[in-house]
Amino acid sequence: MSNSTVDASKRTWLIASGCAGAVGAGFVAVPFVSSFEPSERAKAAGAPVEADISGLQPGEKMTVEWRGKPVWILRRTPEMLASLKKTDSEVADPESKRTAYPLQANCHNEWRSIKPEYLVVIGICTHLGCSPNDKFQPGPQPSLPNDWEGGFLCPCHGSTFDLAGRVFKNKPAPDNLEVPPYMYLSDTRLLIGEDKKA
């Protein structure tokens with residue numbers, strides 16, 4: 001057996017085992033690489049959600065979940081809307097100019113909403129992530145001022161928000177309640193998580 005024959009057979013074995021190793025590595029790598037993609041559940045958790053507001057009566061609030069967060073939809077009464085003028089001078093950021101939670105363009109108004117009647121906010125206090133309580137009834141109440149116009153009270157550290165989700169001055173919460181991106185699909189259906197025309 002000549003030296004060139006041995007080299008040729010070694011070369012064949014090296015090529016064959018290299019190819020087999022590459023195929024094996026490919027089978028191992030595919031599941032590993034695909035594990036970096038978000039799961040269907042994770043994709044769904046970030047997806048927009050629809051909310052049917054047809055049964056929501058004036059003065060009532062409903063909650064839907066988007067991205068693991070509670071989203072409040074409050075149907076404000078004419079009296080609730082009128083109270084916003086009264087709280088303008090008492091809130092820290094009446095025109096929502098702070099940029100920690102930027103507003104979509106069609107919510108840059110006194111109501112912080114597309115339609116004045118419906119408030120849509122994420123129900124998490126901007127201080128430490130607690131969930132504020134509904135305090136819609138105006139007037140003196142425990143932990144609230146005597147001239148209370150209605151809104152939300154975070155029981156953890158006393159931050160208060162008006163009926164547009166604007167934080168009152170000199171409270172621990174640094175910002176207004178966040179308004180998620182949203183749009184109307186019809187007069188009675190909202191899409192939360194998207195703010196542009198489909």
**OP:** Check whether any side-chain N or O of R67 sits under 3.5 Å from a backbone N or O of P48 as a donor-acceptor pair, and report yes or no.
**Re:** no
Original post:
Does R98 reach the side chain of N176, with side-chain heavy atoms less than 4.5 Å apart?
Top reply: no
Original post:
Do T99 side-chain atoms and P102 backbone N/O form a donor-acceptor pair below 3.5 Å?
Top reply: no
Subject >> Side-chain heavy-atom pair L128, C156 within 4.5 angstrom cut-off >> reply: no
Original post:
Under a 4.5 Å side-chain heavy-atom rule over Ile, Leu, Val, Met, Phe, Trp and Tyr, are Y184 and V64 clustered together?
Top reply: yes
Original post:
T160 and L144: side chain to side chain contact (heavy atoms under 4.5 Å, CB included), yes or no, with the steps?
Top reply: CA-CA 8 Å; T160 49; L144 295 169; 3.7 Å; yes
Original post:
Is there a side-chain contact between D147 and E90 (heavy atoms, below 4.5 Å)?
Top reply: yes
**OP:** Mark yes or no for whether D88, through its side chain, and P94, through its backbone, hold a donor-acceptor pair below 3.5 Å.
**Re:** no
Original post:
Which pairs count as ring-ring contact (aromatic ring centres under 6.0 Å, His included) when at least one residue sits in residues 125-149, sequence neighbours excluded?
Top reply: H127-H157, F136-F152, W148-F168
Original post:
Between D175 and R166, does at least one N-O distance fall below 4.0 Å, as a salt bridge requires?
Top reply: no
Subject >> Which atom of P180 lies closest to which atom of V121, heavy atoms considered >> reply: CD-CA, 3.9 Å
Original post:
Taking all non-hydrogen atoms of both residues, which atom of I124 and which atom of L177 are closest, and how far apart?
Top reply: O-CD2, 3.5 Å
**OP:** To the nearest 0.5 angstrom, please state how far the CD1 atom of I122 sits from the OH atom of Y101.
**Re:** 8.5 Å
Subject >> Verdict with reasoning, V120 to W72, per side chain to side chain contact (heavy atoms under 4.5 Å, CB included) >> reply: CA-CA 6 Å; V120 180; W72 295 341; over 6 Å; no
Original post:
When you look at T63 and V71, which way does the side chain to side chain contact (heavy atoms under 4.5 Å, CB included) test go after all the steps?
Top reply: CA-CA 5 Å; T63 304; V71 176; 6.0 Å; no
**OP:** Apply side chain to side chain contact (heavy atoms under 4.5 Å, CB included) to the pair K61 and I73, showing each step before the final yes or no.
**Re:** CA-CA 5 Å; K61 182 189 90 175; I73 304 168; over 6 Å; no
Original post:
At what distance, to the nearest 0.5 angstrom, does CD1 of I192 lie from CD of E50?
Top reply: 10.0 Å
Original post:
Do N106 and M183 have side-chain heavy atoms sitting under 4.5 Å apart?
Top reply: no
Subject >> Heavy-atom pair with the smallest gap, counting every atom of G165 and L119 >> reply: N-CD2, 4.3 Å
Subject >> Exercise: identify the closest heavy-atom pair between V179 and R112 >> reply: CG2-NH2, 3.7 Å
Original post:
How many angstroms lie between atom CE of M80 and atom CD of E149, to the nearest 0.5 angstrom?
Top reply: 11.5 Å
Subject >> R76 and S113: side chain donor to acceptor below 3.5 Å >> reply: yes
Subject >> Backbone of L56 reached by a side-chain donor or acceptor of R75 within 3.5 Å >> reply: yes
Original post:
Which heavy atom of P155 sits nearest a heavy atom of P132, and at what distance?
Top reply: CD-CA, 4.3 Å
Original post:
What residues, two or more places apart in sequence or in another chain, satisfy salt bridge (Lys or Arg N to Asp or Glu O under 4.0 Å) together with E110?
Top reply: K85
Original post:
Under 4.5 Å between any side-chain heavy atoms of L84 and D162, yes or no?
Top reply: yes
**OP:** Write down the atom of T188, the atom of D52, and the distance for their closest heavy-atom approach.
**Re:** O-OD1, 3.3 Å
Original post:
Hey, what do you get for OG1 (T87) to NZ (K169), rounding to the nearest 0.5 Å?
Top reply: 11.0 Å
Original post:
Quick one: OG1 on T77 to CD on E117, what's the gap to the nearest 0.5 Å?
Top reply: 9.5 Å
Subject >> Euclidean distance, F161 CZ relative to K171 NZ, rounded to 0.5 Å >> reply: 10.0 Å
